[in-house]
Asks: 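This is the structure I have questions about; it appears just below.
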Amino acid sequence: MIDPKLLRASTAEVAANLARRGFDFDADAYLALEEKRKALQIETETLKSEKNASAKQIGQAKARGEDIEPLLAAVKSFGDRLDEAEAGLEEVLEALRDIELGLPNLVADDVPDGSSEHDNVEVRRWSEPAAFPFDPRDHVSLGADLGLLDFDAAARISGSRFAVMRGGLARLQRALVQFMLDVHTSEHGYQETYVPYLVQAAALTGTGQLPKFEADLFKTTDETPFYLIPTAEVPLTNLARDTIFDADQLPLRLTAHTPCFRSEAGSYGQDTRGMIRQHQFEKVELVHLVPASQSEAALEELTSHAETILQRLELPYRVVSLCAGDIGFGATKTYDLEVWLPGQNKYREISSCSNCGDFQARRMKARVRNPETGKPELIHTLNGSGVAAGRALIAVMENYQQEDGSIRVPDVLKPWMGDTEVIGG
RNA sequence: GGAGAGAUGGCUGAGUGGUCGAAAGCGCUCCCCUGCUAAGGGAGUAUACGUUAAUAGCGUAUCGAGGGUUCGAAUCCCUCUCUCUCCGCCA
């Protein structure tokens with residue numbers, strides 16, 4: 001959520017910032033509502049104040065043993081007026097809340113202009129795509145020939161956009177997860193965390209997936225439904241919900257390996273081949289909870305932590321700074337890591353690292369006590385994939401493939417692969 | 001799933017319809033006293049929102065959550081959530 005005070009005081013500036021995203025904010029409608037809110041709130045609170053004073057007088061009179069009948073009569077008329085004012089106020093507040101929850105975060109000043117992914121700016125590149133002495137194949141073809149990646153079986157069980165993996169390939173994904181968790185916990189100072197995969201709507205509202213992106217989520221049909229997490233960002237970041245941290249508890253670095261579930265509504269026709277875009281995939285997530293002053297530096301660090309994984313795996317990648325038009329709803333600035341996929345002959349997103357500023361913290365009331373003033377202040381939250389295991393698996397398959405269709409096991413994964421040095425072949 | 005008990009401020013814990021945002025103690029902050037330490041005395045010590053130039057005043061809300069009764073609810077009624085104990089079941 002954008003700071004309501006800022007929204008109120010600097011409506012035009014906020015609208016201009018949101019316009020960089022291509023978001024059309026109806027400032028006039030908002031301001032009209034806000035004016036109504038102000039009038040109604042003042043009226044309501046004044047009436048309540050009068051009512052409270054009257055009730056207090058009655059109590060005092062009664063304590064003195066006086067006749068309270070005349071006072072009672074005088075107070076009767078308050079009820080209806082107050083009910084009416086309160087109902088009106090509630091309606092306006094709800095409308096305002098809908099608007100506020102639907103507004104994306106402000107983008108940072110150093111976010112490049114642009115309207116789509118084509119305008120994203122490459123920040124740096126690591127390593128170079130290897131030259132293959134043969135025509136590199138994509139992971140679908142490799143996996144099928146190995147007999148270890150089976151979309152047909154998945155389709156019989158669950159439908160499209162699911163995968164079944166077997167043997168060395170399934171193990172390779174597990175190795176990737178283990179490797180990533182170990183690096184982040186032992187070298188980057190993250191606390192390994194186990195979290196629920198089913199969450200309440202409030203958690204998703206806290207991180208910003210709701211109310212706007214319900215269609216992208218899987219949801220149970222209970223009266224109070226559970227939602228399947230689309231990313232561990234949701235439970236990890238919500239660990240800060242409704243809490244006031246002591247200054248010395250921050251910064252907090254959390255990591256978790258979870259499956260992620262996405263209905264991918266609106267993605268039909270995109271990446272239908274293979275394992276790039278699935279309803280269910282594995283991911284190691286990184287989350288930082290930091291005091292406001294530290295979030296810019298934290299984004300650089302978090303991004304470098306994700307980069308470390310790709311470097312150790314010796315996978316060529318590039319870092320792009322997302323342009324204003326491509327940046328996610330809750331983020332104020334985002335770096336995407338794009339890994340080289342020889343089978344597709346292009347870079348594809350494998351991690352997205354975002355600074356959400358206080359946008360999520362405000363929604364979930366996550367605060368830290370300022371040691372100097374003693375007052376609670378909103379924290380800043382960051383998240384990033386460190387990295388997506390499914391896509392990392394694809395990247396390893398395609399970058400480590402050999403002419404006979406077998407796949408070499410990257411050196412750093414060997415501790416989890418037993419005697420297996422090559423899958424297939 | 002069944003039975004019972006409970007949920008109050010940073011913590012402990014009082015409060016069963018009326019100056020209760022809430023006693024008392026602990027903790028914390030400041031001041032005084034004081035060779036040091038210990039002890040002692042005094043004052044202060046929630047959050048959010050609104051109004052405002054203001055983290056000054058003033059107002060509103062908050063005693064697990066949501067509804068209700070009442071002029072007035074931490075206190076009465078209803079629904080829900082969570083925690084604890086016992087039983088059952090289970091990985």
Side-chain angles (χ1 to χ4, degrees), chain A residues 1-11 30-31 33-101 194 196-206 220 222-227 235 238-250 291-293 358-379:
Chain A
M1 224 161 80
I2 295 172
D3 184 356
K5 286 180 184 162
L6 181 73
L7 185 57
R8 216 178 291 154
S10 313
T11 313
Y30 163 76
L31 285 172
L33 258 182
E34 176 49 30
E35 212 162 296
K36 267 170 94 176
R37 186 228 101 223
K38 185 165 171 172
L40 280 168
Q41 182 158 354
I42 289 174
E43 186 190 350
T44 309
E45 293 192 355
T46 305
L47 284 170
K48 280 186 182 173
S49 173
E50 290 172 18
K51 191 183 89 168
N52 287 345
S54 305
K56 199 171 253 187
Q57 276 180 18
I58 291 172
Q60 290 169 345
K62 208 174 169 188
R64 289 193 299 265
E66 295 171 7
D67 179 21
I68 43 175
E69 283 309 318
L71 287 169
L72 281 180
V75 99
K76 290 267 194 221
S77 62
F78 271 127
D80 293 344
R81 282 168 62 204
L82 183 56
D83 285 351
E84 200 180 312
E86 270 187 320
L89 178 62
E90 189 45 48
E91 200 176 303
V92 171
L93 284 178
E94 208 167 297
L96 279 171
R97 202 154 42 228
D98 284 350
I99 290 176
E100 286 167 3
L101 285 176
Y194 176 78
Y197 304 160
L198 296 170
V199 298
Q200 303 280 346
L204 289 150
T205 303
T220 66
D222 310 34
E223 276 176 52
T224 52
F226 286 112
Y227 291 83
N238 271 281
L239 288 172
R241 164 175 292 275
D242 289 324
T243 50
I244 302 176
F245 292 99
D246 288 330
D248 60 11
Q249 290 177 279
L250 299 186
S293 60
D358 61 15
F359 185 85
Q360 296 178 323
R362 182 170 292 107
R363 288 172 166 239
M364 63 176 80
K365 294 201 189 74
R367 293 168 293 175
V368 59
R369 198 170 291 283
N370 182 318
E372 315 214 324
T373 63
K375 295 292 173 195
E377 295 170 357
L378 292 171
I379 64 169

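A, B, ... follow the sequence lines: proteins, then strands. Residue 1 opens every chain.
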Asks: In Watson-Crick or G-U wobble terms, both distances under 3.5 Å, what is the partner of B:rC28?
Replies: B:rG44
Asks: So which one's nearest nucleotide on RNA chain B is more toward 5', A:Arg369 or A:Lys38?
Replies: A:Arg369
Asks: Taking only the P atom of each, what is the distance from B:rA73 to B:rC63 in whole angstrom?
Replies: 11 Å
Asks: Going by purine N1 to pyrimidine N3 plus the second Watson-Crick contact, or the G-U wobble pair, all under 3.5 Å, which nucleotide sits opposite B:rU34?
Replies: none
Asks: Side chain of A:Ser49, backbone of A:Glu45: donor and acceptor closer than 3.5 Å?
Replies: no
Asks: Strictly by Watson-Crick or wobble contacts shorter than 3.5 Å, is anything paired with B:rU51, and which nucleotide is it?
Replies: B:rG57
Asks: Within this structure, what is the CG-to-C1' distance between A:Asp83 and B:rC71, rounded to whole angstrom?
Replies: 13 Å
Asks: B:rU69 and B:rU16: how far apart are their P atoms, nearest whole angstrom?
Replies: 24 Å
Asks: Specify the closest pair of heavy atoms between A:Ala240 and A:Ile379, including all atoms of both residues, with the distance to one decimal.
Replies: CB-CD1, 4.1 Å
Asks: Rounded off to whole Å, could you give me the CD-to-C1' distance for the A:Glu90 and B:rG66 pair?
Replies: 13 Å
Asks: Has A:Arg37 got a side-chain N or O lying under 4.0 Å from the OP1 or OP2 atom of B:rU51?
Replies: yes
Asks: Compare side-chain N and O positions of A:Arg367 against OP1 and OP2 of B:rU47 and report whether any pair is under 4.0 Å apart.
Replies: no
Asks: Using OP1 and OP2 only, check whether a side-chain N or O of A:Lys375 sits under 4.0 Å from B:rU47.
Replies: yes
Asks: Any salt bridge linking A:Lys48 with A:Glu86? Criterion: basic side-chain nitrogen under 4.0 Å from a carboxylate oxygen.
Replies: yes
Asks: Sub-3.5 Å donor-acceptor pair from the side chain of A:Thr11 to the main-chain atoms of A:Arg8, do we have one?
Replies: yes
Asks: Hey, is the side chain of A:Arg8 poking within less than 4.0 Å of OP1 or OP2 on B:rU51, counting only N and O atoms?
Replies: yes
Asks: Side chain of A:Gln60 only, heavy atoms from C-beta on: which candidate in B:rG50, B:rC71, B:rU19 is closest?
Replies: B:rU19
Asks: Does A:Ile244 offer a backbone N or O that forms a donor-acceptor pair with the side chain of A:Arg367 under 3.5 Å?
Replies: no
Asks: Given the C1' atoms of B:rU60 and B:rA7, what is the spacing between them in whole Å?
Replies: 26 Å
Asks: For the pair made of CG in A:Asp242 and P in B:rU81, what is the distance, rounded to whole Å?
Replies: 19 Å
Asks: Which listed nucleotide (B:rU47, B:rU51, B:rG18) is nearest to the side chain of A:Ile58?
Replies: B:rG18
Asks: So, is A:Ser49 near the phosphate of B:rU60, with a side-chain N or O under 4.0 Å from OP1 or OP2?
Replies: yes
Asks: For B:rC86, give its Watson-Crick or G-U wobble partner with both distances under 3.5 Å, or none.
Replies: B:rG2
Asks: Pairing check on B:rC63: which nucleotide meets the Watson-Crick or G-U wobble criteria with it, both distances under 3.5 Å?
Replies: none
Asks: In whole angstrom, give the distance that lies between atom CD of A:Glu43 and atom P of B:rC49.
Replies: 23 Å
Asks: Check this one for me: any side-chain N or O of A:Asn52 less than 4.0 Å away from OP1 or OP2 of B:rA61?
Replies: yes
Asks: Charged N to carboxylate O under 4.0 angstrom, A:Glu90 versus A:Arg97?
Replies: yes
Asks: What about A:Glu45: does its side chain form a donor-acceptor pair under 3.5 Å with the base of B:rG59?
Replies: yes
Asks: Distance-only, no hydrogens or angles: does the A:Asp246 side chain make a donor-acceptor pair with backbone N or O of A:Asp248 under 3.5 Å?
Replies: no
Asks: Distance between the C1' atoms of B:rC20 and B:rA14, in whole angstroms?
Replies: 12 Å
Asks: Within this structure, what is the CG-to-C1' distance between A:Asp3 and B:rA48, rounded to whole angstrom?
Replies: 13 Å
Asks: Does B:rC76 have a Watson-Crick or wobble partner in any strand here, with both distances under 3.5 angstrom, and which is it?
Replies: B:rG68
Asks: Tell me the partner of B:rA91, counting only Watson-Crick (N1-N3 plus N6-O4 or O6-N4) or G-U wobble (N1-O2 and O6-N3) with both under 3.5 Å; none if nothing fits.
Replies: none
Asks: Say we look at B:rA46 and B:rG42: how far apart would their C1' atoms be, to the nearest angstrom?
Replies: 23 Å
Asks: For A:Ile244 and for A:Lys56, locate the closest nucleotide of RNA chain B by heavy-atom distance; then report the residue assigned to the nucleotide nearer the 5' terminus.
Replies: A:Lys56
Asks: So, is A:Lys51 close to the B:rG72 phosphate, meaning a side-chain N or O under 4.0 Å from OP1 or OP2?
Replies: yes
Asks: For the C1' atoms, the ones on B:rU81 and on B:rG66, what distance do you get once it is rounded to whole angstrom?
Replies: 10 Å
Asks: Using the C1' atom as the point on both nucleotides, what is the distance between B:rG9 and B:rG21, in whole Å?
Replies: 9 Å
Asks: Just name whichever nucleotide pairs with B:rA22, Watson-Crick or G-U, keeping both distances under 3.5 Å, else none.
Replies: none
Asks: Give a yes or no on whether the backbone of A:Leu378 and the side-chain of A:Asp358 come within a donor-acceptor separation of less than 3.5 Å.
Replies: no
Asks: Can you check the distance between B:rG17 and B:rG13, where both ends of the measurement are the P atom (answer in whole Å)?
Replies: 23 Å
Asks: Would you mind reading off the distance between A:Leu378 atom CG and B:rU47 atom C1', rounded to a whole angstrom?
Replies: 13 Å
